[in-house]
Amino acid sequence: MNIKDKSQIELFKTKIINSQKVVIVPHNNPDGDALGSSLGLYNTLKNMGKEASVITPNEFPDFLNWMHGVEDVIIYDKNVKKAKALIKESELVLFVDFNALSRIKLMGEVFEKDETPRIMIDHHPFPEASTAEIQISVPEASSTCELLFHVLNEAGFKEYITKEAAECIYAGIMTDTGSLNYNSSRPETYLIVADLLRMGIDKEHIHHMIFHNNSFDRMRLLGHALGEKMERIPEQKAAFISLSQEELKRFNFKPGDTEGFVNQALWIEGVDLSALFTEKKDLVKISFRSRGGFPANKFSETYFNGGGHFNAAGGESKLKLDETVERFKKVLKEFCEANDFC
Ligand code: 5GP
Ligand code: MN
């Protein structure tokens with residue numbers, strides 16, 4: 001849908017008005033936009049007198065734990081029983097910042113069988129029909145948080161957005177745009193930021209909590225990644241970083257510690273594609289960022305079972321870390337030879 005299309009928002013409005021128990025779910029490995037939109041919605045719905053809950057598929061990074069309501073978040077893989085009971089009792093489920101059941105990992109199975117009405121609010125391209133019957137899908141939005149604010153406003157719920165909810169919404173807009181660096185050329189984004197500022201958010205405090213509150217270990221891991229582990233593939237205008245489990249352990253890795261590393265590899269002159277390979281217990285998680293015409297989502301979908309946005313995508317590999325990197329080099333060459341992107 002286009003952001004000007006109001007039909008899905010009307011359905012959202014009616015469902016919200018008629019539902020008391022609401023469950024909100026963001027994607028696996030929630031980032032600032034995923035948790036920000038979940039808690040922005042959670043705080044707003046609570047203010048409307050609803051019984052809302054946020055269930056994340058897995059843990060979220062510490063740099064988001066200042067968000068209002070974060071202590072009420074239920075982590076599915078740590079509390080399956082409680083999460084399932086809440087979903088069973090709920091009258092409405094809201095999916096935020098993802099558009100395919102595979103993006104919520106094991107939690108997806110619960111919804112394959114569940115009949116609770118579902119609404120998706122998301123800005124990723126190519127939503128899957130099975131995700132939810134009502135889909136508010138706007139890829140032109142900078143972030144799900146921007147879209148959420150727009151939706152709440154259009155539905156007539158703006159008066160219920162508290163300062164605390166506004167802080168969560170702002171956090172999602174700024175993390176998904178690299179502090180209004182990319183994906184942020186629509187004037188509407190700034191009108192929303194202006195509204196959030198009028199609601200009294202402390203912008204500088206939010207930036208501090210997210211970007212300038214790093215652990216000593218994380219900064220050392222970044223130094224190691226850039227100094228020892230970054231490689232270039234000049235022929236394909238690419239750069240990448242790979243980190244093994246051993247290296248992550250050495251720097252006391254915590255969820256979120258590698259956030260943003262992939263962007264740094266893209267800041268090199270002459271680099272149009274960057275990748276970050278992070279070895280997990282049973283797979284390698286991959287992040288891609290691109291500049292210009294390189295379709296990171298198409299590349300990730302074709303070779304690494306992933307997807308995402310045109311210039312920011314992710315995927316995974318079941319091969320070993322070094323084999324994954326070798327495969328990446330090979331398929332990137334193939335992809336570039338077959339297309340004009342690089
Ligand atoms: P990140 O690199 O920050 O994890 O993700 C970048 C973008 O790609 C985000 O919009 C995220 O939702 C999407 N993404 C990350 N991993 C995957 C994946 O495994 N599958 C799909 N379809 N999208 C992903
Ligand atoms: Mn997002």
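Just so you know, ligand 1 is whichever comes first in the structure, and atom 1 is the first atom listed for that ligand. As the structure is a computational prediction, the values presented were derived from the model and not from experiment.
- As summarised for C336 and C342, their two SG atoms come within a distance smaller than 2.5 angstrom, satisfying the threshold.
- Atom 9 (C) of ligand 1 has its nearest heavy-atom neighbour, among H123, H124, H27, in H124.
- Taking the six-membered ring for Trp and the full ring otherwise, the centers of H207 and Y170 sit less than 6.0 Å from each other.
- Between E326 and K330 there is no salt bridge, since no side-chain nitrogen of the basic residue lies less than 4.0 Å from a carboxylate oxygen of the acidic one.
- The N, O or S atom of D33 lying closest to the Mn ion (ligand 2) is OD2.
- A salt bridge does not link E51 to K46: none of the charged nitrogens lies less than 4.0 Å from a carboxylate oxygen.
- Note on R218 versus D257: no salt bridge recorded, every NZ/NE/NH1/NH2 to OD/OE distance being 4.0 Å or above.
- Closest approach of K285 and G315 over heavy atoms only: NZ-O, 3.3 Å.
- The heavy atom nearest to atom 4 (O) of ligand 1, considering only G307, S287, G260, is found in S287.
- The closest approach of D97 to the Mn ion (ligand 2), by N/O/S atoms, is made by OD1.
- Among E259, K285, E316, E128, the residue whose heavy atom lies nearest to atom 19 (O) of ligand 1 is K285.
- Contacts with ligand 1 closer than 4.0 Å are made by no heavy atom of E301, backbone or side chain.
- Among the atoms of D122, none of the N, O or S atoms falls under 2.8 Å from the Mn ion (ligand 2).
- In summary, C145 places no N/O/S atom under 2.8 Å from the Mn ion (ligand 2), failing the contact criterion.
- Ion pairing between a basic and an acidic side chain is recognised when a charged N comes within 4.0 Å of a carboxylate O; K333 and E337 show such pairing.
- Among heteroatoms of the N, O or S kind in D176, OD2 lies nearest the Mn ion (ligand 2).
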